[in-house]
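Notes to accompany the following structure.
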Amino acid sequence: ILSCIFLKYSSSGCTLPLILSANFELSSYGFFQRGGIQEICTFVSREVVHRCPDGTALQSVKHQEYICHSRITPDGLAVVTLCDQEYPRYVAFTFLKEALDLFVQQYQISDWKNATTDLNLPVAGVDPLLKKYQDPTEADKILKIKKDLDDTKEIVIKSMDQLLERGEKLDDLIEISNDLSFQSKAFAKRSEDLNSCCIIL
């Protein structure tokens, strides 16, 4: 798990979701990579929530070798995490539920519902939670998870390409995003180029 990002979701789809709080666990990456990875996590999280169909509580979206899992409450609070494809989905959604519980224990709806710009609300307990969930087998043991979330909830699974509107391109979104620096935009473009030329037959 790389990130835990809380956002204010608008079902109208007219405005981009606002970041309410963002936490990252990037200790396995080099110091100079971390800023770019944070920006990409923020960009992907915001776009996934922005394009979430109204009424979809749980969603998983594949982006390159990562999966973005999101959970949206009926009152418009979203929580998103980015992790690699091997990370068990039901453990990721359990992580999101625990993170959401921490947020709602510390903030009332009135604290964030009228926000008009990104916020940086500190959420006590999220950093230790991110560390705990780095190893999904340990988290699974601690929580004694008995049942795969797939059995009880409908989860929409898509790729980033499926999430885009007809005629839209991810490259164009990356270009206009305020979440990405010049270096991150160049990195994302280079990753796309490498993925497209390295197909194993």
For residues [X] and [Y], report the shortest heavy-atom separation together with the two atoms involved.
X	Y	result
Phe103	Phe6	CB-CE2, 3.6 Å
Arg71	Phe93	NH1-O, 3.4 Å
Pro17	Arg46	O-NH1, 2.8 Å
Gln106	Pro122	OE1-O, 3.9 Å
Thr42	Phe24	OG1-CZ, 3.8 Å
Ser60	His69	OG-ND1, 2.8 Å

If you count the non-hydrogen atoms of other residues, nucleotides and ligands that lie under 6.0 Å from NZ in Lys97, is the total more than 12? no
Does Gln85, at its CD atom, have more than 12 non-hydrogen atoms belonging to other residues, nucleotides or ligands within less than 6.0 Å? yes
Any donor and acceptor pair, going by atom type alone, linking the side chain of Tyr66 with main-chain N or O of Leu2 inside 3.5 Å? no
Please check: side-chain N/O of Gln134 versus main-chain N/O of Leu130, any donor-acceptor pairing under 3.5 Å? yes
How far does [atom1] of [X] sit from [atom2] of [Y], to the nearest 0.5 angstrom?
X	Y	atom1	atom2	result
Ile72	Tyr9	CD1	OH	5.0 Å
Gln59	Ile67	CD	CD1	11.5 Å
Ile1	Leu96	CD1	CG	7.0 Å
Leu7	Ser70	CG	OG	9.5 Å
Asn114	Trp112	CG	CH2	9.5 Å
Asp127	Asn23	CG	CG	4.5 Å

Would you tabulate the side-chain donor-acceptor contacts of residues 73-83 under 3.5 Å, counting partners in other chains and residues two or more places apart, or write 'none'?
residue : atom : partner : partner atom : Å
Thr73   : OG1  : Asp75   : OD1          : 2.3
Thr73   : OG1  : Leu77   : N            : 3.1
Thr73   : OG1  : Leu77   : O            : 3.2
Thr81   : OG1  : Ser3    : O            : 2.6

Would you say Val48 ends up clustered with Phe43 if hydrophobic residues are merged whenever their side chains have heavy atoms under 4.5 Å apart, either directly or through other cluster members? yes
Is there a chain of hydrophobic side chains (I, L, V, M, F, W, Y, each step under 4.5 Å between heavy atoms) that links Val126 to Leu18? no
Would Cys4 and Phe95 count as a side-chain contact (heavy atoms from CB on, under 4.5 Å) if you check the C-alpha gap in whole Å, the side-chain angles of each, and the deciding distance to 0.1 Å? CA-CA 9 Å; Cys4 179; Phe95 165 76; 3.7 Å; yes
Who passes side chain to side chain contact (heavy atoms under 4.5 Å, CB included) against Glu86, sequence neighbours left out? Asp84
Listed once per pair and sorted, the salt bridge (Lys or Arg N to Asp or Glu O under 4.0 Å) pairs that draw on residues 23-38, sequence neighbours left out: Glu25-Lys131
